[in-house]
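Nothing here was measured: the structure is a model prediction, and the numbers come from that model. Scope of the values below: all heavy atoms of this structure, side chains included, with no hydrogens, waters or symmetry mates. Both ligands and their constituent atoms are indexed starting at 1 by order of listing.
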Amino acid sequence: VFKLVVLVSGRGTNLQAIMDAIDSGKLNVQISAVISNKKNAYALKRAENKGIDAIVLTKKKGEKRENYDRRLAEVIDFYSPDLIVLAGFLRILSPWFVKKYKNKIINIHPALLPSFAGLYGENVHKAVLDYGCKVSGCTVHFVDEEVDHGPIIVQKCVEVLDDDTPESLAARVLEKEHEALVESIKLISEGKIEIKDRRVIRKII
Ligand code: 3YE
């Protein structure tokens, strides 16, 4: 079976969407472990409730990025996953880590890339509203050395409403994130896509 390790920092609603899709038979994959860089992340509870290994790996004071990533990789390699999913994991990954797992890491970003790259959390939605955008959405992409830059797998859009607040827009985008993430994992786990000239395309079989 196709194995995932899911990296989180927060509430874990995207993790929940993956678990729900597995339970309903929409995804034929297994979550081998959930790893959080924050000890109080509610995502850890969601994993424990399902009997999934939930691991906390916090950064030590003054620890270099690559050193943390090497410790992270040690945990990940214990599970030998087919895919690493960043589901609200709020850390930049070092070039070392990205090279080690080339085309094996995906991230969900709460805007239509390449717009609003580099921002995260509510900051993204505030920036979208401040700019006066009429649509926003989310992007699932492969992770490369540059943040929010790798090949795009799935994008979904939502309308921006005149009375939106960052919170109301975030909630509308979040629903699409759940769909986009599940669709992306389905495509990858079924071997239906490949990367060609930095574009993600459907495999012809
Ligand atoms: N790393 C690479 N490429 C990518 N990480 C993410 C996407 C992505 C990636 O496409 N190479 C905010 C994180 C930004 C931030 O600066 N965080 C701090 C950590 C703070 C802490 O430890 O609490 C940091 O130094 O990384 C995922 C989204 C990253 C969003």
inquiry  = Under a plain distance cut-off of 3.5 Å, with no hydrogens placed, do H125 and S136 share a side-chain donor-acceptor pair?
reply    = no

ask   = In terms of atom number and element, which parts of ligand 1 are under 4.0 angstrom from non-hydrogen atoms of E145?
value = 11 (N)

task = Check whether any side-chain heavy atom of P81 lies under 4.5 Å from a side-chain heavy atom of L4, and answer yes or no.
result = no

ask   = What protein heavy atom sits nearest atom 10 (O) of ligand 1, and how far off is it?
value = D148 N, 2.9 Å

message = Heavy atoms only, cut-off 4.0 Å: how does K38 contact ligand 1, side chain, backbone, both, or neither?
response = side chain

query = Of all the non-hydrogen atoms in the protein, which one sits nearest to atom 22 (O) of ligand 1, and at what distance?
reply = R91 NH1, 3.4 Å

remark   = the protein heavy atom lying closest to atom 14 (C) of ligand 1 turns out to be Y120 CD2, 3.9 Å

query = With side chains defined as the heavy atoms from C-beta onward, is the minimum distance between I22 and I31 less than 4.5 Å?
reply = yes

request  = May I have the step-by-step check of side-chain contact (heavy atoms from CB on, under 4.5 Å) for T58 and K38, ending in yes or no?
outcome  = CA-CA 6 Å; T58 52; K38 300 286 172 193; over 6 Å; no

query = Considering distance alone, does some N or O of I92 sit under 3.5 Å from an N or O of ligand 1?
reply = yes

request  = Considering the heavy atoms of E146, write down every atom of ligand 1 situated less than 4.0 Å from one of them.
outcome  = 3 (N), 4 (C), 10 (O)

request  = Any atoms of ligand 1 less than 4.0 Å from a non-hydrogen atom of V147? List them with their elements.
outcome  = 3 (N), 4 (C), 10 (O)

key: Side chain, backbone, both or neither: V98 near ligand 1, heavy atoms under 4.0 Å   = side chain

message = Just to confirm my output: which protein heavy-atom neighbour is closest to atom 24 (C) of ligand 1, and how far is it?
response = R65 NH1, 3.5 Å

key: Location of contacts on L93 toward ligand 1, heavy atoms closer than 4.0 Å   = both

ask   = For F89 and ligand 1, does the shortest N/O to N/O distance drop below 3.5 Å?
value = no

query = Are any of the side-chain nitrogens in E194 or R202 under 4.0 Å away from the carboxylate oxygens of its partner?
reply = no

task = Have a look at D144, L90, L86 and point out the one with the heavy atom closest to atom 3 (N) of ligand 1.
result = D144

inquiry  = My understanding is that only one of E177, E175, E183 makes a salt bridge (Lys or Arg N to Asp or Glu O under 4.0 Å) with K156; could you say which?
reply    = E183

key: E66 and R70 ion-paired at < 4.0 Å   = yes

query = N/O of N107 under 3.5 Å from N/O of ligand 1, yes or no?
reply = no

ask   = Should the proximity of H109 to ligand 1, defined as any heavy atom under 4.0 Å, be assigned to the side chain, the backbone, both, or neither?
value = neither

key: For F97, the rest of its hydrophobic cluster, which grows through side-chain links under 4.5 angstrom   = V5, L7, I35, I55, L57, Y68, L72, V75, I76, F78, Y79, I84, L86, F89, L93, W96, V98, Y101, I105, V143

ask   = Considering residues at least two apart in sequence or located in another chain, which fulfil the side chain to side chain contact (heavy atoms under 4.5 Å, CB included) criterion with A127?
value = F116, L119

query = Salt bridge between K192 and E190, side-chain N to carboxylate O under 4.0 Å?
reply = yes

